[in-house]
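Data block below; observations after.
No experiment lies behind these values; they were computed from the predicted model shown. Note that ligands are numbered from 1 as they come in the structure, with each ligand's atoms numbered from 1 the same way.
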Amino acid sequence: MQGPGKRKIRRFAIMGGTFDPIHYGHLVAAEAALDSFSLEQVLFVPSGNPPHKKEYPVTEARHRYLMTILAVATNPHFEVSTVEMDRPGYSYAIDTVAEFHKIYGPDTEIYFITGADAILEILTWKNVERLMELCQFIAATRPGTNLDVLHGFLDKLPENLRRRIHLMEVPALAISSTDIRKRVAQGRTIKYLLPESVEQYIAKNNLYRP
Ligand code: ATP
Ligand code: MG
């Protein structure tokens with residue numbers, strides 16, 4: 001299995017997502033976490049079959065994986081893992097984090113980066129209590145998610161969960177994969193919303209066209 005590599009790693013983060021497609025919002029959040037939390041690596045984990053995205057047909061995993069590879073290729077601290085794509089059934093964070101915990105042992109600190117919108121849903125995640133024992137969360141601010149709402153939500157969480165979630169302010173990028181898919185479908189530009197290599201990959205493979 002691909003992971004953070006064979007060398008002993010002590011502190012890394014998982015950036016989970018559908019990455020359909022990956023864009024600068026994801027990359028900015030990952031780079032900010034690397035810096036603010038002194039991480040050795042951010043591991044991008046494209047989901048295989050995301051349980052919360054049943055409303056639209058998610059693009060083939062192979063395309064989402066290759067776009068993620070293209071997007072992180074020039075950053076020496078970013079890697080991509082196929083662990084969720086290789087696992088049959090729905091992708092759950094708990095299974096991924098537990099797998100890395102087993103590989104690296106209790107001395108390696110695992111973080112999980114999400115956007116603020118995703119953190120608001122955290123109580124619906126499978127096995128959340130165990131998940132938060134195994135990793136800490138970095139919640140990146142995201143346009144569209146009100147900070148007061150977020151603080152209100154965090155303050156109501158039980159202490160064992162609350163202390164495992166760290167709020168991280170990142171330069172606001174009102175970019176979403178949904179908006180990018182819509183733009184492509186409408187023949188509008190997606191330039192400067194995502195790396196040029198990914199933009200070219202989308203065009204070459206005719207992704208998101210009606
Ligand atoms: P979609 O519109 O299809 O839901 P998305 O842009 O939200 O796509 P995901 O793959 O769902 O992208 O997101 C993966 C993770 O990245 C989530 O935790 C999400 O909150 C976070 N994220 C996505 N875009 C941003 C952004 N612009 N700023 C901060 N975090 C983001
Ligand atoms: Mg999303």
Side-chain angles (χ1 to χ4, degrees), residues 13-37 39 42-61 63-72 78 80-85 90-94 96-97 110-126 128 131-132 135-147 149-150 153-154 164-186 190 192-195 198-199 202 207-208:
I14 293 166
M15 174 98 204
T18 316
F19 304 129
D20 193 10
I22 189 164
H23 54 68
Y24 282 131
H26 302 126
L27 295 165
V28 162
E31 181 69 13
L34 193 74
D35 186 51
S36 308
F37 291 82
L39 306 173
V42 176
L43 189 61
F44 288 73
V45 184
S47 60
N49 194 358
H52 61 285
K53 295 225 165 143
K54 293 166 186 159
E55 66 272 17
Y56 84 98
V58 172
T59 303
E60 256 180 88
H63 285 312
R64 293 183 290 107
Y65 170 70
L66 286 174
M67 290 190 282
T68 309
I69 290 271
L70 286 173
V72 308
F78 288 179
V80 186
S81 165
T82 60
V83 57
E84 288 196 1
M85 294 167 36
Y90 285 133
S91 298
Y92 294 107
I94 179 65
T96 303
V97 172
I110 305 178
Y111 287 82
F112 198 104
I113 306 167
T114 68
D117 57 314
I119 267 303
L120 291 176
E121 314 265 286
I122 195 82
L123 294 176
T124 68
W125 288 28
K126 185 181 157 190
V128 67
L131 176 63
M132 291 229 192
C135 72
Q136 304 185 57
F137 275 77
I138 300 172
T141 52
R142 180 173 189 182
T145 302
N146 181 299
L147 263 188
V149 171
L150 190 62
F153 172 80
L154 293 177
R164 303 286 282 173
I165 304 175
H166 312 280
L167 199 59
M168 175 180 70
E169 294 219 28
V170 298
L173 290 180
I175 303 175
S176 74
S177 303
T178 301
D179 178 56
I180 292 172
R181 292 192 301 271
K182 269 195 203 137
R183 282 168 173 270
V184 175
Q186 296 167 353
I190 54 170
Y192 314 124
L193 300 176
L194 73 183
V198 179
E199 187 193 333
I202 291 170
L207 302 183
Y208 313 126

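- Here is the list of ligand 1 atoms found below 4.0 Å of a heavy atom in Gly17: 10 (O), 14 (C).
- Glu31 meets the salt bridge (Lys or Arg N to Asp or Glu O under 4.0 Å) test with no other residue; sequence neighbours excluded.
- Across all non-hydrogen atoms, the minimal contact from Pro21 to Met67 is CB-SD, 3.8 Å.
- Within the 4.0 Å heavy-atom cutoff, Asp117 counts among the residues contacting ligand 1.
- The shortest N or O to N or O distance between Val170 and ligand 1 is not below 3.5 Å.
- Remark: Thr59 pairs with Asp20 by the side chain to side chain donor-acceptor pair (under 3.5 Å) rule, at least two apart or across chains.
- If you check each of Lys182, Met168, Arg142 against atom 7 (O) of ligand 1, the one with the closest non-hydrogen atom is Arg142.
- No N or O atom of Ala29 sits closer than 3.5 Å to an N or O atom of ligand 1.
- Counting the atoms of ligand 1 from 1 in the order shown, those under 4.0 Å from a heavy atom of Ser176 are 2 (O), 6 (O).
- Using cut-offs of 30° and 60° on the angle between ring planes, the pair Tyr92 and Tyr90 is perpendicular.
- A centroid separation of less than 6.0 Å is found between the aromatic rings of Phe37 and His166.
- If you look at Phe78 and Phe44, their ring centroids are closer than 6.0 Å.
- At a 4.0 Å cut-off, not a single heavy atom of Ala172 sits close enough to ligand 1 to count as contact.
- Of all the atoms in ligand 1, the ones that sit under 4.0 Å from a non-hydrogen atom of Arg181 are 3 (O).
- For ligand 1 and Phe19, the ligand atoms under 4.0 Å from any heavy atom of the residue are 10 (O).
- Counting heavy atoms under 4.0 Å from ligand 1, residue Thr141 touches it through the backbone alone.
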